[in-house]
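Here's the structure, in structure tokens; my notes come after.
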Amino acid sequence: MSYTLTTPLYYVNDRAHLGSAYTTLACDAVARYRRLIGESVRFITGCDEHGQKIQRTAEAAGVTPQAHCDAVSEGYRQLWARWQITNDRFIRTTDPRHRSIVEQFFARVEAQGDVVEGRQQGWYCVACEEFKDDPADAEAPSCSVHQKPLEWRDECNLFFRLSRYQGEIEALIRRPGFITPASRRREVENFVAQGLRDFSISRVELPWGIPVPGHDGHTFYVWFDALLGYLTALLEADDPADLNLVTQRGWPAQLHVIGKDILRFHAVYWPAMLLSAGLPLPDKVFGHGFLTREGQKMGKSLGNVLDPEMLLERCGSDAVRWYLLRDIPFGDDGDFQQQRFLDLVNNDLANTIGNLLNRTSSMARRWFEGGVPPAGGAVEPTHPLALIAAACRDRYRPAMEQLDFRTAAEATLELAIAANGYLNEQAPWSRMKQDGNREQVAADLYAVLEATRWVALLLAPIVPDLSGRMLVQLAQDPSWPWWDALVWGRLEPESPLPEPSPVMARLELEEPL
RNA sequence: GGCUCGGUAGCUCAGCUGGUUAGAGCGUGGGAUUCAUAACCCCAAGGUCGGGAGUUCAAGUCUCCCCCGAGCCA
């Protein structure tokens, strides 16, 4: 089974912010999960590098647009590497092959008769890179999003005949599961129901873009450039830039993960473009929510942005991944609260999970020749912990399939809590003080170690580092097929255990983030 | 202005097609325990389910109006 998923291609106007990290982290969890269950994954991310805003930013900084893009996109690449994002591709829309793919795509669309010329005039926001609806006689209007003055434009642009695809798009977005979460579907439906209007796909006077073949002075507008990056990205390293290849390289994508702000472009414009170009449509578009911080919008003006670089540096990848994925329902807006972040990381990861491994491993080593105790009856799938483990796994799997990381994380945590509770009930430390209990203690510790092994495995897509550290302390072979490993009793009795040391330190902040 | 999505314990949220005393986690308070990362385990406090009206034997759960927040479209 092949599974292609994408993050948006991030706009290199500025360096990465927490929002892009959030999206990317979520995709990484999906990608890791799909690989673990044995699918062949193509996880695509990258950068969108054209546009007037970039050009002006570069000019302002006194560098060429290309130099600016090189620098910023390299920043993204390195950031993802440091977060240990497992993207298989990193596509840049300034990639020479991308230009060729765009040209071929455009040729197909044009051949369909879906490109027409049209005049577009109105007030234009360079920051949004789009026309606004302010009346023509407005005096010095400004952009409501950017608070910047609008520029009057009067240009002849190329339009994509989106209106032709009204019926097909209506059918598509009605398809259950195409737009997720379902709560966002209505919004798109209403938009489509108003009647789809052709949209412009080129700009004039915009040198920093891909030239439209056969239309001097035009370059492609963002959606006819950046979205196609998903296609270009699929090409293998030594593939020619041939659009015909993409269907053999993993297109259509199974999943586009995006912020809710660009849902329309992915759920309406993009599918129509694909239909026109004779390419199959993606299975699912997931529009996730936005992050605020302590109840406030993050922004430069407020000076309250959370820098993913700094978060990684000071808190570590596991902590941030866990907090974001475990506490914020993916799809809803979420609020980053420092105190809660600390509470959850320390409670869940350090106390509940880390300490569980630590306490169990030290008892086992102390009383059973430094290793896993003989299992006795604890290998039975009817063991109380085995039943709970199976139930958690059964809740976990569909949750991950639906990108419901929160439920998956909770299911995992539940197993750890059950194991801690079981230990307290059985109290092996008391039993060991009397003779004749050795077998019982062995079985109990085995069961808890086994449950802990499961916890480590289930954690793998969400907090891969921590999962790895746990598996090391359980002396597990990480190359064991994951889903097969989730069978009760696979922990080898009487195998040695390394000396335990905390797998997850409590997070203490000297000063606020 | 039209529309969408929310408004449930201090906080973050569960509550399917209406039906016993409204749930979980965190935080808070208390207890128990010592294997462990001052960790783990148990218990408690306790919210007129945004407000109002209505439908129903019965509404957090349906209808209407209003208020607040986020967003989409104009």
Side-chain angles (χ1 to χ4, degrees), chain A residues 132-135 144-145 179 181-197 259-265 267-268 287-292 294-297 322-368 373 395 399 404 406-407 409-414 416-433 441 444-445 448-449 452 466 469-470 473 499-508:
Chain A
K132 299 292 177 182
D133 293 315
D134 296 61
S144 56
V145 182
I179 295 178
S183 53
R184 294 205 200 294
R185 196 165 88 192
R186 192 66 56 83
E187 203 167 284
V188 179
E189 278 175 356
N190 289 346
F191 171 75
V192 174
Q194 292 176 351
L196 292 174
R197 293 187 299 182
K260 59 182 183 178
D261 55 330
I262 51 175
L263 181 56
R264 220 173 67 216
F265 302 103
V268 178
H288 73 247
F290 290 149
L291 259 24
T292 51
E294 313 293 347
Q296 288 195 304
K297 216 171 199 167
W322 180 254
Y323 173 62
L324 258 20
L325 297 181
R326 124 101 230 232
D327 199 42
I328 297 164
F330 197 58
D332 293 359
D333 288 344
D335 190 34
F336 190 105
Q337 299 178 336
Q338 177 168 305
Q339 190 56 53
R340 187 164 175 82
F341 169 53
L342 293 176
D343 285 342
L344 285 188
V345 167
N346 289 337
N347 272 302
D348 299 344
L349 262 26
N351 297 350
T352 302
I353 292 174
N355 183 51
L356 169 67
L357 171 57
N358 201 251
R359 67 195 297 214
T360 315
S361 177
S362 34
M363 283 187 275
R365 281 169 48 89
R366 179 168 314 156
W367 300 321
F368 296 93
R395 216 145 58 78
D404 182 359
R406 177 181 236 243
T407 299
E410 273 172 2
T412 309
L413 201 53
E414 212 165 274
I417 290 170
N420 271 317
Y422 186 78
L423 268 185
N424 282 51
E425 273 170 39
Q426 303 303 323
W429 51 89
S430 313
R431 286 213 166 110
M432 277 309 280
K433 288 173 183 161
V441 169
D444 288 342
L445 289 181
V448 174
L449 280 171
T452 308
L466 173 59
R469 275 177 268 132
M470 291 178 73
Q473 289 210 16
E499 184 175 345
S501 77
V503 285
M504 184 76 199
R506 290 176 61 85
L507 195 53
E508 317 278 356

Next item on the list: Find which nucleotide of RNA chain B each of A:Y422 and A:A505 is nearest to by heavy atoms, and output the residue with the more 5' nucleotide.
Entry: A:A505

Note to self: Measure CG/A:L449 against P/B:rA36 and give the value in whole Å, please.
What the structure shows: 15 Å

Margin query: Both distances below 3.5 Å, Watson-Crick or wobble geometry, any strand: find the nucleotide opposite B:rU4.
Written below: B:rA70

Next item on the list: Output the single nucleotide from B:rU37, B:rG71, B:rC40 whose closest atom is nearest the side chain of A:N358.
Entry: B:rU37

Check: For the base of B:rA36, is there a side-chain donor-acceptor partner from A:N355 under 3.5 Å away?
Finding: yes

Note to self: Could you tell me how far B:rG10 sits from B:rU28 if I compare only their P atoms? Round to whole Å.
What the structure shows: 15 Å

Next item on the list: Using a heavy-atom cut-off of under 4.0 Å over every strand shown, decide if A:V188 touches base, sugar-phosphate, or nothing.
Entry: nothing

Next item on the list: Assign the ring pair A:Y323 / A:F336 to parallel, tilted or perpendicular, where the plane angle (0 to 90°) is split at 30° and 60°.
Entry: perpendicular

Next item on the list: Provide the distance between the two C1' atoms, one in B:rU34 and one in B:rG50, to the nearest whole Å.
Entry: 48 Å

Checklist line | Nearest-angstrom distance, P atom, B:rG19 to B:rA32 | finding: 41 Å

Taking only N/O atoms, report every protein-nucleotides 27-33 of chain B pair under 3.5 Å with atom names and distance.
from	atom 1	to	atom 2	distance (Å)
B:rG27	OP1	A:N347	ND2	3.0

Margin query: So A:R366, base contact, sugar-phosphate only, or nothing? Heavy-atom distance under 4.0 Å.
Written below: sugar-phosphate

Notebook entry, point to check: Looking only at atom C1', what distance separates B:rG51 and B:rG60, rounded to whole Å?
Noted result: 14 Å

Next item on the list: Assess whether atom CZ of A:R431 is packed by more than 12 heavy atoms of other residues, nucleotides or ligands within 6.0 Å.
Entry: yes

Next item on the list: Output the single nucleotide from B:rG25, B:rC40, B:rA74 whose closest atom is nearest the side chain of A:R326.
Entry: B:rG25

Checklist line | Distance below 4.0 Å between A:K297 side-chain N/O and B:rG71 OP1 or OP2 | finding: yes

Margin query: Need one value for A:M432: base, sugar-phosphate or nothing, where a base atom within 4.0 Å counts as base even if backbone is also close, heavy atoms only.
Written below: nothing

Note to self: If I take atom CG in residue A:D261 and atom P in nucleotide B:rC5, what distance separates them, rounded to the nearest angstrom?
What the structure shows: 19 Å

Margin query: Taking pairing as Watson-Crick or G-U wobble with both contacts under 3.5 Å, can you name the mate of B:rG46, or confirm there isn't one?
Written below: none

Note to self: Once you apply a heavy-atom cut-off of 4.0 Å, does A:G354 come out as touching a base, just sugar-phosphate, or nothing?
What the structure shows: base

Notebook entry, point to check: Heavy-atom distance under 4.5 Å between the side chains of A:M363 and A:V441, does that happen here?
Noted result: no

Next item on the list: Mind calculating the distance between CZ (A:F265) and C1' (B:rC72) to the nearest angstrom?
Entry: 11 Å

Notebook entry, point to check: At under 4.0 Å between heavy atoms, what does A:I417 touch on the DNA or RNA strands: base, sugar-phosphate, or nothing?
Noted result: sugar-phosphate

Check: From the list B:rU4, B:rC5, B:rC40, which nucleotide is the closest neighbour of the side chain of A:S183?
Finding: B:rC5

Check: Considering only the C1' atoms, how many Å lie between B:rC13 and B:rG47, rounded to the nearest integer?
Finding: 14 Å

Margin query: Could you check whether any side-chain heavy atom of A:F341 comes within less than 4.5 Å of a side-chain heavy atom of A:L324, counting everything from C-beta outward?
Written below: no

Note to self: Side-chain N or O of A:N351 versus OP1/OP2 of B:rC40: is the shortest distance under 4.0 Å?
What the structure shows: yes

Check: Using the C1' atom in both, what is the distance from B:rA44 to B:rG23, to the nearest Å?
Finding: 16 Å

Next item on the list: Could you work out the separation of B:rA22 and B:rC67 based on their P atoms and round it to a whole Å?
Entry: 31 Å

Margin query: Any non-hydrogen side-chain atom of A:D348 less than 4.5 Å from a side-chain atom of A:R326?
Written below: yes

Could you list all N or O pairs between the protein and nucleotides 9-16 of chain B that sit under 3.5 Å apart?
from	atom 1	to	atom 2	distance (Å)
B:rC11	O2'	A:Q337	OE1	3.4
B:rC13	O2'	A:R406	NH1	2.5

Check: When the P atoms of B:rG71 and B:rG54 are considered, how many whole Å apart are they?
Finding: 36 Å

Notebook entry, point to check: Among the nucleotides B:rC26, B:rU37, B:rA74, which one has an atom lying closest to any side-chain atom of A:R197?
Noted result: B:rA74

Note to self: Within the 4.0 Å heavy-atom criterion, would you say A:Q194 contacts the bases, only the backbone, or no part of the nucleic acid?
What the structure shows: sugar-phosphate

Check: Is the closest side-chain heavy-atom distance between A:D327 and A:Q337 below 4.5 Å?
Finding: no

Item checked: NZ/NE/NH1/NH2 to OD/OE distance under 4.0 Å, A:E187 and A:K260 -> no

Check: A:E508 CD to B:rA38 P: how many Å, rounded?
Finding: 10 Å

Checklist line | Complementary nucleotide of B:rA22, counting Watson-Crick and G-U pairs under 3.5 Å | finding: none

Notebook entry, point to check: Is there a Watson-Crick or G-U wobble partner for B:rU63 with both distances under 3.5 Å, and if so, which one is it?
Noted result: B:rA53

Next item on the list: Starting from the 5' end of RNA chain B, give me the residue, A:R186 or A:V503, whose nearest nucleotide shows up first.
Entry: A:R186

